[in-house]
Amino acid sequence: MEAKKRDIPVVYLVVPCYNEEEVIEKSAQVLGDKLRRLMRDGQIAAGSKIMFVNDGSKDDTLMLLHRIAAKDALFSVVSLAGNYGHQSAILAGMMMARKYADAVVTIDADLQQDIEALDKFLASYMAGSEVVYGVRNDRHSDGVFKKGTATLYYKLMHLLGSKVITNHADYRLMSKKALEALAEYKETNLFLRGLIPTMGFPSDVVYFDVKAREAGHSKYTLSKMMTLALDGITSMSVRPLRTISALGFLVFAFSFVMSIISLVDWAMGNNVPGYTTTMIVSLLMGGVMLLSMGIIGEYIGKIYMETKHRPRYIIDTFVWREDAGSSDARSDTDK
Ligand code: UDP
Ligand code: MG
C-alpha cells in the first residue's frame, strides 16, 4: 500500500453496555489506562475519549457510568432511552463520536476483546485503512454450542452471498470518512458486520486473542442472538426468496408429474390404493408452503418496519466534557 501521510488521530472508543455493573469499573480503568498511554506516547491525539453507550441497563450501570464520567473527563456517556440492542447501541455511539473523533473503535464492555490490539488497528489506520476489522484468533473461550452455531452461521452467510467477515464481532475501527458514509445508510434492520464490508473502503484485518469475560455473564441471550442471526440474513440477502421460487418451481413440476401418474392410474382402474402417496404429497406440500410463507413473511415484516422510518435509537442523556488541559495531569490511583 502506498504510504499515505495521515495525522495522528483523535480516537474514540465506543463501548456498549447493557447490565454491566459487575465489570464496568474495571473496564473503564483498563480502557482508560490504555488510551492515556497511547496519548502519552503520541500514538493518538490529545482529546481522545472513551464513550460508553448505556443500552437501557436495568441495573446500576448508568449510575456507575455517570460517576466515572463525573470524576474524569476522559469518559463520556451516551444513555439510550431503552434497550435497543447491541447493534443500535454501537451505531448510536459511532454516530455521536464521529462529531469529535477522526477514528472510532467499537469494543465490548466485558474486556473479552484484547485492547492491546488497538496498536495494530492504529498502525493500519495510519497506513491508510478506512476500516479495520478485529478478527478473533480462535474460539476456545466459547462453549461448544456457541462455537458450533457461529461456524455454521458464517458458512451459511457466505453461501447466501454476504460479505460478512468470519469471526469478526464488531471490534472494529472506522475512520471519520467511513462513518460519514455509514450515516447515509438509513435502514432500521441493522447488521453492521454485513453492511460495512459492502461499503468498499480500503480495509484491513487485525487478529486478536479472546479472553473469558472479565465479570458478569453474556448479555446476548439466545433470543437476542437469533434475532441478530436472522437480521443478518434478511438484511443482506434475498437469496432465501429466490430459493423459494426455485423450490416452488420444482414442487410444481413434481406435482404435474404426479398428477399425470394419478390420472393414468385412474384410467387404468386402480384408483383405491394410494392413500400413502396422497398423505405424503399433501403433507409435503403443506410443509413446503408454510415454510415458504414463513420466509416471505419474515421479509414482509422487515419491509413493514423499514417503511415506518422510525428512529433506530433515542438518546436520553449525554455527558461529554472538554479535557481541562493535559490529559495525563490526573493519575487515577484511587479505587
Ligand atoms: N450489549 C448491548 N445491548 C444488548 C446486549 C449486549 O449493548 O442488548 C452489549 C454488552 O454490554 C457488551 C456487548 O454488547 O458490551 C457484547 O455483549 P456480550 O459480551 O454479552 O456478548 P457475547 O460476548 O457473549 O457475545
Ligand atoms: Mg462478551
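Below, all heavy atoms of this structure are taken into account, side chains as well, without hydrogens, waters or symmetry copies. From a predicted model like this one, the values you see are computed outputs, not experimental measurements. We count ligands from 1, going down the list as the structure has it; atoms in each ligand are counted the same way.
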Worksheet item: Do the side-chain N and O atoms of Thr61 and Glu20 include a donor-acceptor pair separated by under 3.5 angstrom?
Response: no
Discussion item. Regarding Ser262 and Asp265, do their side chains bring together a donor and an acceptor under 3.5 Å, going by distance alone?
Written reply: no
Worksheet item: So which heavy atom in the protein is nearest atom 15 (O) of ligand 1, and how far is it from that ligand atom?
Response: Pro16 O, 2.7 Å
Worksheet item: Do Arg213 and His217 meet the criterion of a side-chain donor-acceptor pair at a distance under 3.5 Å?
Response: no
Response to the item:
Ranked by distance from atom 14 (O) of ligand 1, the top protein heavy atom is His86 CD2, 3.1 Å
Worksheet item: Mind checking whether Ala89 has an N or O less than 3.5 Å away from an N or O of ligand 1?
Response: no
Worksheet item: Which N, O or S atom name in Asp110 marks its closest approach to the Mg ion (ligand 2)?
Response: OD2
Discussion item. Suppose we measure from atom 24 (O) of ligand 1 to each protein heavy atom; which comes out shortest, and what is that distance?
Written reply: Ser218 OG, 2.5 Å
Response to the item:
Heavy-atom proximity to atom 10 (C) of ligand 1 ranks first, among His217, Lys224, Met225, Glu20, for Glu20
Worksheet item: Between Tyr125 and Arg6, is there a cation-pi geometry (under 6.0 Å to ring centre, at most 45° from the normal)?
Response: yes
Worksheet, complete the sentence: Ranked by distance from atom 23 (O) of ligand 1, the top protein heavy atom is Gln112 OE1, 2.9 Å
Discussion item. Using heavy-atom distances only, which candidate in Tyr18, Tyr171, Tyr220, Tyr84 approaches atom 21 (O) of ligand 1 most closely?
Written reply: Tyr220
Practice prompt. Answer with yes or no after comparing the ring centroid distance for Tyr171 and Tyr133 against a 6.0 Å cut-off, counting only values under it.
Written response: no
Fill in: ligand 1 versus Ala109: contacting region, heavy-atom distance under 4.0 Å
both
Discussion item. Among all the protein's non-hydrogen atoms, which is closest to atom 18 (P) of ligand 1, and how far away is it?
Written reply: Arg213 NH2, 3.5 Å
Worksheet item: What atoms of ligand 1 come closer than 4.0 angstrom to any heavy atom of Cys17?
Response: 7 (O), 11 (O)
Worksheet item: Taking 4.0 angstrom as the limit, do Lys186 and Glu306 come out as a salt bridge?
Response: no
Worksheet item: Among the heavy atoms of Lys146, does any lie under 4.0 Å from an atom of ligand 1?
Response: yes
Discussion item. Under a 4.0 angstrom heavy-atom cut-off, which atoms of ligand 1 come close to Asn83?
Written reply: 3 (N), 4 (C), 8 (O)
Worksheet item: Have Glu298 and Thr234 got a donor and an acceptor in their side chains that come within less than 3.5 Å?
Response: no
Worksheet item: Do Asp170 and Arg193 pass the salt bridge (Lys or Arg N to Asp or Glu O under 4.0 Å) test, and can you show the C-alpha distance, the side-chain angles, and the key distance before you say yes or no?
Response: CA-CA 7 Å; Asp170 295 307; Arg193 294 172 213 178; 2.8 Å; yes
Practice prompt. State yes or no: do Val14 and Val30 share one hydrophobic cluster built from I, L, V, M, F, W and Y residues joined by side-chain heavy-atom distances below 4.5 Å, directly or via other members?
Written response: no
Discussion item. Give me the residue, atom name and distance of the protein heavy atom closest to atom 19 (O) of ligand 1.
Written reply: Asp110 OD2, 2.6 Å
Worksheet item: Strictly under 6.0 Å, is that where the ring centroids of His86 and Tyr18 end up?
Response: no
Worksheet item: ligand 1 versus Val53, non-hydrogen atoms closer than 4.0 Å: side chain, backbone, both, neither?
Response: neither
Worksheet, complete the sentence: Candidates Asp55, Leu80, Leu111; heavy atom nearest atom 4 (C) of ligand 1 found on Asp55
Discussion item. With respect to the Mg ion (ligand 2), please indicate if Gln113 possesses an N, O or S atom at a distance under 2.8 Å.
Written reply: no
Worksheet item: Between the side chains of Lys224 and Asn83, is a donor N or O closer than 3.5 angstrom to an acceptor N or O?
Response: yes
Item to complete: May I ask you to identify the nearest protein heavy atom to atom 6 (C) of ligand 1, giving residue, atom name and distance to one decimal place in Å?
Response: Lys219 CB, 3.7 Å
Discussion item. Only heavy atoms of Asp108, strictly under 4.0 Å: list the atoms of ligand 1 that pass.
Written reply: 13 (C), 15 (O), 16 (C)
Discussion item. Out of all atoms in ligand 1, which are within 4.0 Å of some heavy atom of Gly85? Include the element for each.
Written reply: 3 (N), 8 (O)
Discussion item. Do Val281 and Val251 sit in one hydrophobic cluster, given that two such residues count as connected whenever their side-chain heavy atoms are within less than 4.5 Å of each other, even indirectly?
Written reply: yes
